[in-house]
Every structure is written in structure tokens, then in C-alpha cells.
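None of these values were measured; they are calculated from a predicted model. In what follows, chains carry the letters A, B, and so on, assigned in the order in which the sequence lines appear, proteins first and then strands, with residues in each chain numbered from 1.
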Amino acid sequence: MSASLKSKLPVALAWIIGVIAIWEIGAWSLVNIFHDPMATQKLPFLHDIVRVMAQNWASLMDSASVTVSKAALGFLYGSIAGFVIAIVMSLSRNVERVAFPYLIISQMIPILGLAPIIYNIVKDGDTARVVISAYITFFPVSINTLGGIKSVEKDRLDLMYSYAAGKFQVYRKLIIPSAMPYLMSGLKIAAPLSVTAAILVEMLGTDEGIGVKILYTLYYGAGGATMFWASVITSALLGILGYVLISLAEKLLMPWQNTTSKRGGEDA
Amino acid sequence: MNTPEIRIENVSMVYSDNGASVKALDNVSIDIQKGEFISLLGPSGCGKTTLLRIIGDLLQPTSGNVLVCDQTPRQTRMDQKYGIVFQSPVLFDWRTISKNIRLPLEIMKVPREEQNRRIESLLELVGLSKFADHYPHQLSGGMQQRVGIARALAIQPEILLMDEPFSALDEFTREKLNEDVLQIWSKTNKTVVFVTHNIAESVFMSDRVCVLSPHPGRLSAIVDIDLPRPRTKEMRDWPEFNALVAKIRNSFEGV
């Protein structure tokens, strides 16, 4: 793991430095080359944004923690629902046949349209955030888990069959553990999405949250564009945080994947 | 003679795929005695693996009868009397070596103390005591296959079914494992059905070699291997050994 971290570090550094450089050059060009009078509104200097973030750290973190707590709750419910739906679909071909097309259709309803509907029904920003986060989470989790369940190797199923293992044992000892990496990929996709979903609901009108900050600073310009950008960057960091936490959980839960990148089990 | 441990009577197997049907086994009959080490030998397409899977209730024959321990393969499987070693080790990569061996013991609800006792002695038997807490991918192919064998033996099965267990291994590892398996077998005295496409391996291991010929899979000869036991690697150079290998090879050219 430390070896892979070492090899990734230069690439990550190159990206970070590259983005900072392009940003600063862009902001500088707007002011000094294009002489754009609105330059600081369009693209403030990154170092200004970082300074504003530091100055407003406490208030940004207050908003962020509200957003994250709702998103996390929705993420939890959505993950459980997605996992259970995948298990049920794998147990019954009929359930899969009936449910699967509707799962796909459910994802075709634009979340931008659905969020206001839910918000109107529950009349409560907190509940709406949790519901929408859960809604956006369950799909990638359930599709990935189902894919994992279906790709269990036939030899392994034959082995369990030869032991006359019961269905529950086959799920507990074989199917669920071998679907875990797939479940984790689903969770990694869903974690940043659940934050996005919570922010979306916040923009429809809640009292607090990072989405409220983004909206407020965009229209009312408290602290100007720099504060708007600071809020946007904070929200982006929340999504990244979600992804990183799931990746860490994956490493802790699946230690057999740490030692080398690929398993060499089947090529003997 | 006693009633055979495994009785295969007129077994035929036809696979049909999109209307085209392929006859994998044609009217095969073999009796296997308790404690016997028997090989099913033949080139690919001779139905040897199919026959093994029929014995183990992983496949149902199109026609014919199989009795194992005086009952159907299904009943024998439900009684948890089979140990199967597959071509690939089929280890669970999320379980350590000792936990892989523990798997069938958990399923069969063997008491924990007894599980530990068996795992310890099996790890010693296959020479992997030091690797108990390793994960499968940290082991070489030969070591993984040993774990597969240990796992099959853990449940102390009446019948050990081995489906080309060493075909993916290099010659040196294969010959070493041949000797190891014979040594283990001599201690446990199970009935073993061993599928292979390697003539020398089948001669070295078996009491009898069932030679199967392909398209459709038929039993073309049963060759008694009257070499003394325990078999040693020096025997591979014996004239009798080579005569048996030649005899089996010739029985293929006849078909």
C-alpha cells in the first residue's frame, strides 16, 4: 500500500500544481491581459479564495456538517435499500424481471424534477435531503451488487453445492463476500452523488447547508465571488471526502486486496 | 467381490446446445471398489470430467445408473460424503489458508475444537503450516492446489473426486504432488477417482486406469496397474512402469 502511495504521489502532485498554475494564470490574464472589469467576479485568484476559506472556516464547516449529516443518513439508507434489493433480485428471477426495468426507469426521472416533488410532498428540507440522497444512492449500489452476485465463479458455486450447503450458507460464505468489491465500487460512485443530492435540495430552500451558502453568495454576494467559490470548493471537498472514506473502509474491510493489486488465485 | 463403492452402469450423456447434440459419454460401465485409487484417463473430449461430475452429482446423466455407497449420488452428496478437488484450486480469496480449509467444516457444523485440530494436522500434512494466515494469492499455484486438497480431505470424505488437479502445474510440481497425494491417500484410505490426461501420472497413481476414448466418450480399456505400493519416484524408471505407459498409449492408437 505504501508502495502504491509512493508511485501515486508524484502524479497527484503534478495535477494539483497544474490546476493551481492554470487557475492563477487564468485569473491573472483576465485582469492584466483582457482588462476585464468583472475579472474578480468571473474568476477570482485561487489564493484569494483560499484566504477567504480560511477566514470563514468555522461558518463553512458549520454548513458543511449539516449537509454531510443529511447526505450521510440518506447514503446509509440508500445503501441498505440497494443492497437488499440486489439480494432479493438475485434470489428470485421473477422479482428481477418485474423490478429491474423499473429500477432503470426510476433513474431516467431527472433528479432536478424529482427533488422539488419530494420537497413539496414532505414539506421538510431535512427529510427531503435524506430521501433524495437515499434515492440517488440506491441505484449504483444495487446494480453493482447485483452484478457482483451474478459474477460469482461457477466452480465456487459447485464447491458449495458439493458440500450440500444451504442457500443461506451459500449467500453468507460465498456470494456476499465475493460481491463485496462490486458493492464497494457502487458505494464509491454513490458517496459523492449523495452529497450532490443533498446540496440540490438545499438550493430549493432550507435553512442551512453548504448548498444554501452557494446560493446565497451567488445572488447576494456577501463576500463577493470569492466567498461563492469558497463555498463551491468546500462542497467539492465534501464529495471527495465521501469517496476517500469509502476507499479507506474498503481497505479495512478487505485486507486480502491490500497485499498485491490483483489476486493470482485462478491462474495457478 | 464386495459390492462396489461406486457402480457406474450404462451411463450416457448427451449435451444439446442450440439443437445440435453432442454425445459426451456413450454407455460407460465401471465398478470401483472401496479404497481403490482409480484414474479416468483420456484426451480432451473423452468425457472424463463429465463422468466425474456425474459421480459427484454435479451433472445428471442422460441415461444409465450411478450408485455411490449403495445410494444415488444426490443422497451421497446430501450426506456430505464427497470431497472434490477441481482443476483450479477454487480458493476463496477473502479467506486465509486455514479459513479456506475451515469452510467445509463450518458448513458441516463440525465443533470448533475439532475444526482446529483437523486444520492443524492437514496443514502439516500438506506442508503449509507456516502459511496458515496467508491469503491464497500470496501462495504459488502448487501450494494453492495443496490447500484445495487439504480442504477436500478436511471433511474426511468417503469419496475423493479429483478433476485434473495438477494439469495447470509444471512437471516438477506435479510429480512432487503425485507422491504427496499417494502418501496422504495411504494414510486415509479413501476411494479416489482421479481424472487426468497424463498417462505417466495415471500409471504412477492408480490401482486401475480406465482409458476413455473421445467422440463419443467410451470406455476403451481398463488397465490394472500391478506396481507395488508405496510407489516411489524411482519406479518411474522401471521397465514395468514404462511397459504400462506404452500399453496404455497403444490402446489409444487402436481407437
Identify the residues of residues 74-94 of chain A whose heavy atoms come closer than 4.5 Å to a heavy atom of chain B, ordered by number, or report 'none'.
none
So, Arg77(B) side chain and Tyr161(A) main chain: donor-acceptor pair closer than 3.5 Å or not?
yes
First locate atom CZ of Arg53(B), then atom OG of Ser162(A), and finally report the distance between them rounded to the nearest 0.5 Å.
10.0 Å
What is the distance from atom CD of Gln138(B) to atom CH2 of Trp256(A), rounded to the nearest 0.5 Å?
13.0 Å
Any heavy-atom pair between the side chains of Pro255(A) and Tyr135(B) that's under 4.5 Å?
yes
Look up atom CE in Met78(B) and atom OH in Tyr163(A), then write down how far apart they are to the nearest 0.5 Å.
15.0 Å
Other residues, nucleotides and ligands only: do more than 12 of their heavy atoms fall within 6.0 Å of CD on Glu9(B)?
yes
What heavy-atom pair brings Phe92(B) and Leu174(A) nearest, and what distance separates the two atoms?
CZ-CD1, 3.6 Å
Which bit of Leu161(B) is near chain A, if near means a heavy-atom gap under 4.5 Å: side chain, backbone, both or neither?
neither
Please classify the contact of Lys109(B) with chain A as side chain, backbone, both or neither, using a heavy-atom distance under 4.5 Å.
side chain
Residues of residues 175-184 of chain A under 4.5 Å from chain B (heavy atom pairs)?
Pro177(A), Ser178(A)
Counting only non-hydrogen atoms closer than 4.5 Å, does Gln145(B) touch chain A with its backbone (N, CA, C, O), its side chain (CB onward), both, or neither?
neither
State whether the number of non-hydrogen atoms from other residues, nucleotides or ligands found under 6.0 Å of Glu113(B) atom CD is greater than 12.
no
Can you confirm whether more than 12 heavy atoms, excluding those of Gln75(B), are under 6.0 Å from its CD atom?
yes
How many angstroms lie between atom CD of Glu106(B) and atom CD of Gln169(A), to the nearest 0.5 angstrom?
9.0 Å
Hey, is CZ on Arg172(A) packed in by over 12 heavy atoms from elsewhere, all under 6.0 Å?
no
How many angstroms lie between atom CG of Leu159(A) and atom CZ of Phe86(B), to the nearest 0.5 angstrom?
5.5 Å
Any chance you could lay out the side-chain contact (heavy atoms from CB on, under 4.5 Å) test for Lys173(A) and Ile107(B), step after step, and finish with the verdict?
CA-CA 9 Å; Lys173(A) 296 191 188 296; Ile107(B) 291 168; 4.0 Å; yes
Atom pair CG/CE of Leu103(B) and Met160(A) - distance to nearest 0.5 Å
5.0 Å
